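Computed from a predicted model, the values in this text were never measured in an experiment.
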Amino acid sequence: MPHWFSAADSWPAGSPARLGLLEDLNDRFPVLEETLTKVGIGVATGSDAVFLTEDDTLVEGDRLLRMAMVKDAKSGHLKWHGTHMVNPWDEDGELVDLDRYPRLKAYFEKHRTALEGRYVAQKQPDRWYKTIDKIDASLTDRPKLLLPDMKMTIHPVLDEGGYYPHHNLYYVVSDTWDMKVLGGLLLSRVAQTFVEAYAVRMRGGTLRFQAQYLRRIRVPRPEAICQTDALALAHAFDRRDVQAATEAALRVYGIERIPD
């Protein structure tokens with residue numbers, strides 16, 4: 001190769017032909033987040049048994065946040081099964097005053113011992129009913145791609161807005177991409193090749209589709225994709241057609257095939 005991978009992060013693994021392809025793509029295309037795109041992870045509560053519920057009458061209605069779970073993304077199209085998070089955060093990212101929400105206060109007081117026993121609560125005893133992560137209120141209504149952590153193959157699913165991802169889902173939001181076009185690229189075997197090269201592989205061949213690996217994926221800039229290829233990627237994503245997504249991706253990356 002003309003040069004080796006220069007990043008301080010882990011080196012990729014694969015056949016010489018695969019490594020040569022990755023080197024070429026790394027030289028020619030930006031990483032995903034350089035296209036005004038963000039990769040993140042859903043909310044960790046520290047006690048799902050308390051914070052997650054399917055009872056939509058449990059507390060005040062504006063204290064329930066519709067949660068996207070891994071099971072909702074299983075089919076490839078988001079199908080919500082009714083999970084809510086009991087939400088202690090306001091629109092500004094501050095903990096709500098429990099005295100303003102008597103039903104919420106009663107519910108948290110009922111589970112106070114369990115909530116106070118968490119490490120996050122022991123660090124801040126006066127904020128004992130907080131979740132580990134804050135809720136970013138602006139994320140809920142944004143279109144986003146959701147990706148389950150552990151899968152054999154990459155599995156982007158579109159949330160057109162209205163749900164907040166759980167901790168077992170990674171999400172991608174963008175100021176520049178049509179999310180279906182990006183979804184087609186991420187559904188393709190080109191994106192799979194990046195993750196296979198860098199990610200931890202679990203027993204049985206399951207891959208970890210974590211943020212640090214998704215951020216290694218190189219993509220063309222959205223404006224560089226012609227309308228024909230953009231439509232092909234979006235249609236392939238809608239149909240969950242990996243082969244069609246891969247064929248369109250090969251064209252936009254300017255490569256003939258993905259070597260073994």
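Going from atom NZ of K71 over to atom NE2 of H166 covers 10.5 Å, rounded to the nearest 0.5 Å. Atom CG of N26 sits about 7.5 Å away from atom CZ of R216, to the nearest 0.5 Å. Atom CG of residue L182 and atom OG1 of residue T35 lie 7.0 Å apart, to the nearest 0.5 angstrom. Rounded to the nearest 0.5 angstrom, T193 OG1 and I258 CD1 are separated by 4.0 Å.
No continuous path of hydrophobic side-chain contacts links I132 to L95 [ILVMFWY only; heavy atoms under 4.5 Å].
Environment of NZ in K180: sparse, with no more than 12 heavy atoms of neighbouring residues, nucleotides or ligands closer than 6.0 Å.
Side-chain contact between L185 and F237 is absent, with no heavy-atom pair separated by less than 4.5 Å. You'll find the side chain of R142 stays beyond 4.5 Å of the side chain of T140, heavy atoms only. The side-chain heavy atoms of D126 and Q124, taken from C-beta on, include a pair separated by under 4.5 Å.
Just one of L64, V59, D97 meets the side-chain contact (heavy atoms from CB on, under 4.5 Å) condition when paired with L104; it is V59.
The ring-ring contact (aromatic ring centres under 6.0 Å, His included) analysis of residues 91-114, with sequence neighbours excluded, yields the pairs F51-F108, Y107-H111, F108-Y129.
Less than 6.0 angstrom separates the ring centroid of Y253 from the ring centroid of F29.
Residues passing the salt bridge (Lys or Arg N to Asp or Glu O under 4.0 Å) test with E196, sequence neighbours excluded: R18.
Stacking of R66 on the aromatic ring of Y163 is recorded, both the 6.0 Å distance cut-off and the 45° axial limit being met.
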